[in-house]
Amino acid sequence: MGAELEVNGERRTLRASPDTPLLWVIRDELGLTGTKYGCGIAQCGACTVHVDGQAVRSCITPLSAVMGRSVRTIEGLSDHPVQRAWVAEQAPQCGYCQSGQIMSAAAAHDEGQDLEGIERAMHGVLCRCGSYPRIARALRRLEADR
Amino acid sequence: MKVFRPTRRQLLAMGLGSVVAAGGLAVGIKLKRRRDRVLGAVVPRDQVFVPGALVSVGVDDRVKIYLTKTELGQGVMTALPLILCDELGADWDRVEVVQDLARSEHGFMLTGVSYSVRGDYDALRQAGAVARELLCQAAATRMGVEVGALSVEKGVIRGPEGQVLRFGEVAADAAELDLPWIGDRPLRPASELSLTGRSPPRLDVPAKTTGEAIYSMDVRVPGMRYAVLARPERFGAEITGHDPEPALALPGVRSVHRLPSGVAVVADSTWAAMQGAEQVQLQTKGGLQLDDAGIERRLTDALETTGLGVVEEGVLSPEAPSVTLELSFPLLPHLTMEPQSCTASFEGDRARVWAPTQAQLDLRRNASGWFGLPEEAIEVHTPFVGGAFGRRVQHDFAEEACLLAKACGEPVKVVFTREQDSRHDWYRPPSRHRLAAWLDDEGRPSGWRHHLACPSIVGRDDPGYAQLDETYVEGSRLPYGISAKQVRAAPVHLGLPIGFWRSVGHSFNAFAVEHFMDVVAKAGGHDPLELRRGLLGDQPRWLAVLERAAEMADWGRRPAEGRARGLAVHACYDSWVAQVVEVSLDASGPRVHEVWAAADVGIAIHPDTVRAQLEGGIVFGLSAVLSGQVSVRDGAIEQSNFHDLPILRYGDCPEVTTDILPSEARPGGVGEIAVPSIGPAVANALLALTGAPTQRLPLLST
């Protein structure tokens with residue numbers, strides 16, 4: 001019996017066992033590799049997806065917790081204002097953390113958070129390359145464009 | 001691993017000379033129909049004009065430029081092709097950049113030492129010039145005019161009477177012409193270069209904002225299995241036995257294999273492989289007997305020895321020094337956001353490897369041994385890399401994947417968990433420093449002595465290593481005009497896996513020099529900027545960045561109550577960087593509010609990338625001085641993940657302002673150059689704030 005949930009607007013039936021972290025279901029079973037593994041203990045934010053619009057760390061979220069719900073990954077964003085701001089400010093360097101950065105910012109943005117609220121969300125997503133100054137500029141651009 | 005720094009001449013000879021020797025045209029570039037998942041472009045077969053290994057032109061005007069360095073986030077995928085495109089006169093919007101396979105034609109495929117732009121600059125311009133010359137010769141013949149009457153811009157060749165030919169229209173004719181000697185072609189004057197210095201959007205950025213960029217962790221090959229190794233905790237321990245049954249009992253686990261570095265669990269998914277690896281019971285024996293106290297003891301003991309001479313100028317006073325400082329630096333992990341991984345496929349007489357490597361040809365040479373195949377039978381693919389900082393020149397992950405692929409007969413991706421990545425790294429070596437200065441009647445330094453003890457990366461496997469090499473002494477040759485200087489260094493063997501970490505020896509030696517300079521300034525009653533000015537009289541590039549950073553920060557202005565400023569200046573890899581920081585101190589430790597950085601990198605090919613690397617190096621270096629360390633107990637690393645290996649977070653990042661000094665000088669290095677000076681600038685600010693020097697890093701150690 002497979003777990004049923006919606007991923008990026010499509011109904012999917014998944015074979016993975018219910019205790020499998022959503023991160024690995026997304027990456028290995030669905031082949032959506034935009035969501036990244038960085039730590040596995042919800043310390044780095046690279047695995048961030050949206051579950052019913054909320055930012056969630058998929059590395060510690062078992063499949064059983066999202067059955068019947070709506071999951072959106074980075075691949076499910078389409079020309080989001082956050083993505084446009086990121087490109088305009090040339091924010092990514094190696095880029096590995098950026099799916100998590102963008103998904104965190106997008107969730108806060110779509111919830112209607114102000115700049116301060118979005119910045120609080122960014123504190124949970126690590127970047128080793130030091131793209132923080134550019135992310136800050138991208139968020140200010142996003143705010144200005146609102 | 002020997003640190004090889006080729007001269008420009010060597011690089012040209014290796015990279016392009018081999019192409020000429022082989023008869024030039026169409027050597028080795030076999031274009032197949034393939035879909036480039038990163039750039040989303042389908043590459044056509046009709047790239048007919050191939051004057052060397054770096055560029056090709058098709059009948060449809062498409063220009064393909066082959067990238068021979070790894071895009072690590074440092075922007076080479078854009079900057080290197082830009083140099084060639086600018087010289088060639090192609091249309092940048094129609095250029096396709098292809099991350100090439102490991103090929104001998106590319107000579108020296110190493111991405112490191114901040115040497116991509118400054119090392120390939122000449123070869124790229126020459127390659128562009130040759131291609132332009134041949135296309136123009138073909139066009140001149142077609143038009144019936146002299147070559148000198150032509151102009152080239154955006155992929156179009158114009159004749160004196162308004163005749164126009166596109167690159168694609170003359171590509172086939174150009175392919176018939178003899179290739180001239182590459183190396184001394186006349187180059188375009190700077191006034192004709194329209195891309196250099198302009199920062200067009202980076203080619204990899206869009207894919208990195210949509211999840212489309214493929215990293216090593218993301219490589220998927222039909223029939224691929226996933227493997228995670230159970231590894232001995234203690235460095236150098238030998239596995240004497242293991243029980244595979246508990247792992248094999250898990251759903252999704254297919255097989256268990258003994259490798260030199262651990263026991264690999266091969267499974268149908270990453271999660272099953274991780275779960276399986278946790279179930280493997282390892283019996284081990286032996287291994288490194290070492291802990292932090294032992295490291296400290298060995299480094300301290302080594303400081304008592306004479307060491308090897310690095311700098312010896314003038315004669316030091318026999319009197320006791322006026323001021324001294326002892327400094328200790330810890331082992332540092334790389335903590336690339338993307339943990340190590342590698343995919344390999346063995347097909348009997350051929351093999352393929354997808355590796356996040358900084359050294360493709362080195363990997364292929366080693367893979368030849370791992371597979372038992374000639375090098376030419378092995379394809380080495382380079383995906384995007386989620387952070388390198390020097391970690392990806394160590395090919396442990398590739399060896400494991402290749403051995404497993406051969407053992408399993410199926411493609412295998414080896415994945416390191418974060419815990420394994422942290423504990424099985426090649427760390428920035430620890431070091432201990434003893435500095436002393438003698439002051440004259442005006443409180444200025446007349447004598448400087450620096451003794452340092454540090455393991456050598458070159459000699460890391462050799463307990464008897466007693467050579468001087470740059471990996472542990474670079475950055476200690478201070479530029480200041482002090483009449484007597486002595487720098488001596490003692491290599492220490494610890495038996496730990498140490499390796500190249502962003503800015504290598506500069507990462508600790510620059511701290512020692514620049515922080516002690518402020519200690520000296522304070523002891524002599526001088527302003528740190530004013531003291532340095534006086535001692536850099538004949539060093540204009542040092543002075544220029546120092547003055548610019550001071551100007552940006554308004555050095556003379558008193559900061560707000562509870563805050564202090566510090567500065568530092570350092571040169572490495574042919575570039576100069578000066579930084580000023582403003583810090584405060586509270587119960588939780590130092591807080592850096594602002595950083596101003598000025599850099600002289602010679603010609604800035606892609607200035608926005610230079611700024612990004614300055615910002616990035618500052619954050620990376622700041623993270624290290626604030627909280628970077630790993631500790632050793634029973635020959636193993638104690639920490640494992642980001643909960644006990646904290647790195648700087650968004651909310652703690654200072655405001656960073658950068659400036660690039662205009663220059664006509666040859667391009668200098670960029671990727672590592674901001675790291676060495678941020679740490680001492682912070683320590684100098686704290687010295688100003690508290691009166692106390694820093695003696696031990698990290699600053700936030702508990």
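Annotation for A:Gly38 and B:Phe642: closest pair O-CE1, 3.7 Å, computed over non-hydrogen atoms. What you find for A:Asp28 and B:Arg220 is that their closest heavy atoms are O-NH1, 3.4 Å. B:Asp652 and A:His123 make their closest contact through OD2-CE1, 3.9 Å (heavy atoms, listed as atom of the first residue, atom of the second, distance). Residues A:Met122 and B:Tyr650 approach most closely at O-CB, 3.6 Å, considering heavy atoms. The heavy-atom pair separating B:Trp271 from A:Asp19 by the smallest distance is NE1-O, 4.5 Å.
Heavy-atom pairs under 4.5 Å with chain B were tallied for A:Ser17, A:Cys97, A:Cys127, A:Cys39; the largest tally goes to A:Cys39. Among B:Tyr215, B:Phe620, B:Phe389, the residue with the largest count of heavy-atom pairs under 4.5 Å with chain A is B:Tyr215.
Looking at A:Gln93 and B:Lys208, their side chains never come closer than 4.5 Å, going by heavy atoms from C-beta outward. A:Leu126 is listed as a side-chain neighbour of B:Arg649, based on a closest heavy-atom distance under 4.5 Å. For the pair A:Tyr37/B:Arg418, a side-chain contact is recorded, criterion being any heavy-atom separation below 4.5 Å from C-beta on. Counting heavy atoms from C-beta on, the side chains of A:Pro92 and B:Thr209 come closer than 4.5 Å. Side-chain contact between B:Asp608 and A:Arg134 is present, with at least one heavy-atom pair separated by less than 4.5 Å. Here the side chains of A:Glu29 and B:Ser269 are not in contact, with every heavy-atom distance at 4.5 Å or above. B:His643 places a side-chain heavy atom less than 4.5 Å from the side chain of A:Ile41.
In this structure, no portion of B:Ser422 lies under 4.5 Å from any heavy atom of chain A. Residue contact with chain A, scored on non-hydrogen atoms closer than 4.5 Å, involves the side chain of B:Ser623 exclusively. Only the backbone of B:Leu72 comes within contact range of chain A, with at least one heavy atom under 4.5 Å from a heavy atom of that chain.
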Problem set entry | CA sep, side-chain torsions, deciding dist, call: B:Asp218, A:Lys36, side-chain contact (heavy atoms from CB on, under 4.5 Å) | CA-CA 9 Å; B:Asp218 307 328; A:Lys36 306 301 189 197; 2.6 Å; yes
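The distance from the SG atom of A:Cys94 to the CD atom of B:Glu338 is 7.5 Å, given to the nearest 0.5 Å.
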